[in-house]
Amino acid sequence: YLSCDCVHTKYFFRFCTRSKRVPVDIIRWVIKTLERQNKIVNFVQFDEGGELARNYEIPKMLTEEFNIVMQSIGGYVSHLNGITQRGHRTDSDNVCAALYSANLPDEYWCFALMHSNFITRRWCKYPDKVTPYEKWNQQKPSFSKFHIFGATIYVHNHKAKKMDPKAITGIFLGYGASTAVMYYQD
């Protein structure tokens, strides 16, 4: 997966990818989204051991399209990239715990990662007592529609006929772009 972390707000994005190919389009989308929100990207850090270091498209795109500097932190030196590396460890632990507790197979790792990301943005407090979600969105997060990963949910069946069940039983897998959109397995 691709991890994008803001060093100022501690807000982070996680993108599930299907291969080790560098997701140039995702990186472009993240930068354009930040620009639309008047958030300035001055530099992008990457480790020399990863796919970004060996890719020629990324430096070209960052410098020509966005005038952004790429900074290398060296290969295999996680102490220099601590914010992101700690996040990867937390992600890994959360995904394993979510899949285990929901009794779901490894194929659902991406849903578990996205749900972990959703929760961690909203509860992980830093020394200034503000969550990354609050810093990024300038509002407190709401937990009114919060669901537990792997929990049984009942989804309204819009296609139900008069005598059919009005709800479908499913397993909650996470949220879409907002809490109004849910992913579930029926």
Side-chain angles (χ1 to χ4, degrees), residues 1-6 9-39 51 83-126 129-186:
Y1 67 93
L2 173 67
S3 173
C4 300
D5 302 347
C6 176
T9 63
K10 307 291 190 263
Y11 194 83
F12 48 86
F13 298 94
R14 302 291 187 257
F15 299 95
C16 296
T17 55
R18 294 180 185 206
S19 69
K20 285 288 203 177
R21 192 180 74 74
V22 176
V24 177
D25 294 335
I26 294 174
I27 295 170
R28 183 178 285 120
W29 177 84
V30 168
I31 294 170
K32 286 183 178 182
T33 300
L34 294 172
E35 286 179 347
R36 279 194 302 275
Q37 296 177 357
N38 296 322
K39 293 180 171 56
E51 290 79 23
I83 292 172
T84 302
Q85 295 300 330
R86 180 63 226 164
H88 288 202
R89 170 78 55 88
T90 302
D91 290 341
S92 176
D93 293 346
N94 290 346
V95 166
C96 289
L99 291 175
Y100 180 77
S101 65
N103 200 22
L104 289 171
D106 291 345
E107 293 88 59
Y108 292 94
W109 74 268
C110 187
F111 291 105
L113 176 66
M114 294 295 104
H115 189 65
S116 168
N117 189 27
F118 178 86
I119 294 168
T120 307
R121 286 177 182 169
R122 286 159 175 78
W123 68 264
C124 191
K125 298 243 180 192
Y126 291 93
K129 308 281 190 234
V130 179
T131 66
Y133 183 90
E134 288 176 75
K135 284 184 178 180
W136 189 264
N137 297 302
Q138 286 81 45
Q139 65 182 13
K140 290 191 177 282
S142 170
F143 290 97
S144 62
K145 296 182 180 180
F146 181 74
H147 292 280
I148 296 171
F149 182 81
T152 301
I153 60 171
Y154 298 93
V155 182
H156 181 70
N157 184 2
H158 295 286
K159 297 179 182 177
K161 294 182 179 155
K162 191 170 189 173
M163 300 304 286
D164 291 342
K166 303 296 185 234
I168 301 168
T169 304
I171 299 170
F172 178 74
L173 297 176
Y175 299 101
S178 72
T179 55
V181 177
M182 291 186 201
Y183 296 115
Y184 68 96
Q185 175 74 39
D186 55 359

*Asks:* How long is the straight-line distance from CZ of Arg36 back to CG of Leu34, given to the nearest 0.5 Å?
*Replies:* 9.0 Å
*Asks:* Only counting residues at least two apart or in another chain, list the ones meeting side chain to side chain donor-acceptor pair (under 3.5 Å) with Glu35.
*Replies:* none
*Asks:* Run the side chain to side chain contact (heavy atoms under 4.5 Å, CB included) test against Gln139 and tell me which residues pass, sequence neighbours left out.
*Replies:* Tyr133, Asn137
*Asks:* If you compare all heavy atoms of Asn157 against all heavy atoms of Pro165, which two are closest, and at what distance to 0.1 Å?
*Replies:* ND2-O, 3.6 Å
*Asks:* Take atom NZ of Lys32 as the centre, draw a 6.0 Å sphere, and report whether it contains more than 12 heavy atoms from other residues, nucleotides or ligands.
*Replies:* no
*Asks:* Would the number of heavy atoms belonging to other residues, nucleotides or ligands and lying under 6.0 Å from NZ of Lys145 be above 12?
*Replies:* no
*Asks:* Test side-chain contact (heavy atoms from CB on, under 4.5 Å) on Trp29 and Thr33; report intermediate values, then the result.
*Replies:* CA-CA 6 Å; Trp29 177 84; Thr33 300; 3.3 Å; yes
*Asks:* Does Lys166 use its side chain to pair, donor to acceptor, with the backbone of Lys161 at less than 3.5 Å?
*Replies:* yes
*Asks:* Under 6.0 Å from the six-membered ring centre of Phe118 and within 45° of its axis: does the NZ or CZ of Arg122 meet both?
*Replies:* yes
*Asks:* Quick one: which of Thr169, Ile168, Ile153 gives a side chain to side chain contact (heavy atoms under 4.5 Å, CB included) with Asp186?
*Replies:* Ile168
*Asks:* Indicate every side-chain donor-acceptor pair of residues 98-115 with a distance under 3.5 Å to a residue at least two apart or in another chain.
*Replies:*
unit_1	atom_1	unit_2	atom_2	d
Ser101	OG	Ala97	O	3.0
Ser101	OG	Ala98	O	3.2
Tyr108	OH	Gln185	OE1	3.3
His115	NE2	His147	O	3.3

*Asks:* Drop me the distance from Phe172's CZ to Phe149's CZ, to the nearest 0.5 angstrom.
*Replies:* 8.5 Å
*Asks:* What do you reckon, is CD1 of Ile148 surrounded by more than 12 foreign heavy atoms closer than 6.0 Å?
*Replies:* no
*Asks:* Let me confirm one number: the CG-CG distance from Asp91 to Asn117, rounded to the nearest 0.5 Å.
*Replies:* 7.0 Å
